[in-house]
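In this text the structure is predicted, and so the values were computed from the model without any measurement. First the proteins, then the strands, lettered A, B, ... as listed; each starts at 1.
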There are 2 protein chains.
Amino acid sequence: MQAICYNLFAMCGEEKNCPIFYSLEIFGDRWSLLILRDILHFDKNRYTEFLGSDEGISTNILSDRLKKLEKEGIISKHRDPDNKKQFIYSPTKKCLDLVPIIIELAVWGAKYDPDTKAPPEEMAKIRKNRKDYIDSIRTKFKSIDD
Amino acid sequence: MQAICYNLFAMCGEEKNCPIFYSLEIFGDRWSLLILRDILHFDKNRYTEFLGSDEGISTNILSDRLKKLEKEGIISKHRDPDNKKQFIYSPTKKCLDLVPIIIELAVWGAKYDPDTKAPPEEMAKIRKNRKDYIDSIRTKFKSIDD
DNA sequence: CAAATAGCTTGCATATTGCAAGTTATTGTG
DNA sequence: CACAATAACTTGCAATATGCAAGCTATTTG
């Protein structure tokens with residue numbers, strides 16, 4: 001245990017290059033992570049599906065965030081071959097690497113929300129073996145390589 | 001692996017009770033997580049120390065976020081017994097449970113920031129054994145029980 | 001080619017943030 | 001015990017971001 005450097009400050013050199021700040025600059029707002037949750041965990045991939053989420057994102061913000069996430073290479077946008085009116089937003093590999101963050105958000109929220117509806121058994125499984133859950137999401141999107 | 005429910009949606013019942021959304025409501029803004037990073041990883045615990053961070057939070061926002069985090073029971077505020085002019089902001093147990101989230105933000109940021117200064121060896125150690133790193137932070141704040 | 005649908009864009013009111021300056025509380029000094 | 005210094009805010013205001021409603025554009029379907 002002593003071998004690990006226990007201060008992330010030492011990892012960054014300076015705060016300006018802090019990897020935590022870098023991440024927050026890209027998706028550290030309320031809506032970006034909710035869109036990514038919808039894609040990765042709720043299996044949504046269309047504009048109208050994101051709009052339909054309970055939290056009620058507005059059209060201009062959704063449009064803006066989808067553009068930003070696409071620009072950052074976190075999602076990709078393609079026309080649906082079966083319904084050419086629609087676009088399909090898919091996670092990239094960079095996006096799949098966000099799964100651990102979203103899992104930890106869920107674990108913390110389920111622990112501290114007094115009104116949580118997250119089933120305790122399921123949460124216990126995920127807490128005990130995060131890797132399996134992460135793998136299952138990777139399997140779900142296994143066709144993705146970019 | 002098949003035993004795990006692979007859709008967090010099923011965990012929530014409805015999105016309104018989603019543990020991810022709950023977490024984001026509390027600290028899902030750019031500044032809250034940076035303050036918590038300062039406390040947990042950069043060993044800062046005073047108003048002026050937070051103000052001094054490279055990212056440049058302004059006084060009113062810092063004041064507002066410290067109040068919110070205290071109200072949520074994530075940090076506690078006490079006068080410094082050695083310098084009674086100052087207050088000391090300390091992490092609660094609820095705060096220590098945020099370490100995994102911040103670690104994952106750091107891991108993702110270090111992987112994708114082309115200009116990261118995070119030393120690859122240190123990041124590799126943390127990626128390989130998150131638990132040790134989490135334990136080391138718990139040890140650092142081992143006096144905390146609330 | 002007209003209606004329907006999906007995916008935006010625009011305008012405007014409201015809310016949040018950033019910056020500079022001022023205020024309060026406590027401490028150390030004469 | 002006045003008085004300057006320090007730490008921790010608070011306030012006012014301009015700039016930015018968000019929320020909401022309405023309108024616009026591209027594609028498909030009849």
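Note on ring orientation: taking the six-membered ring where Trp is involved, the planes of A/Phe50 and A/Tyr89 are tilted (angle from 30° to 60°).
Between B/Thr48 and the phosphate of D/dT6, there is no side-chain N or O to OP1/OP2 separation shorter than 4.0 Å. For the pair A/Trp31 and D/dG19, the criterion of a side-chain N or O lying under 4.0 Å from OP1 or OP2 is met. The side chain of A/Lys67 places no N or O atom within less than 4.0 Å of a non-bridging phosphate oxygen (OP1 or OP2) of C/dG7. For the OP1/OP2 pair of C/dC8 and a distance below 4.0 Å, the side-chain nitrogens and oxygens of A/Lys77 include at least one atom meeting the criterion. Taking only side-chain nitrogens and oxygens, B/Arg79 comes nearer than 4.0 Å to OP1 or OP2 of C/dT26. Between B/Ser58 and the phosphate of C/dA20, there is no side-chain N or O to OP1/OP2 separation shorter than 4.0 Å.
Each of A/Asn83 and A/Arg65 lies near DNA chain D, and the nucleotide nearest A/Arg65 is the one positioned closer to the 5' end.
When the nucleotides C/dT9, C/dT5, D/dT18 are ranked by their closest atom to the side chain of A/Tyr47, C/dT9 comes out on top. Of all nucleotides listed (C/dC8, D/dA7, D/dT28), C/dC8 comes nearest to the side chain of A/Thr59. Minimum atom distance to the side chain of A/Ile61 is reached by D/dG19, of the listed C/dG7, D/dT27, D/dG19.
Atom C1' of nucleotide C/dA6 and atom NE2 of A/His78 are separated by 18 Å, given to the nearest angstrom.
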Under the side chain to side chain contact (heavy atoms under 4.5 Å, CB included) criterion, do B/Lys77 and B/Leu66 qualify, and how do the steps go? CA-CA 9 Å; B/Lys77 179 183 179 179; B/Leu66 288 173; over 6 Å; no
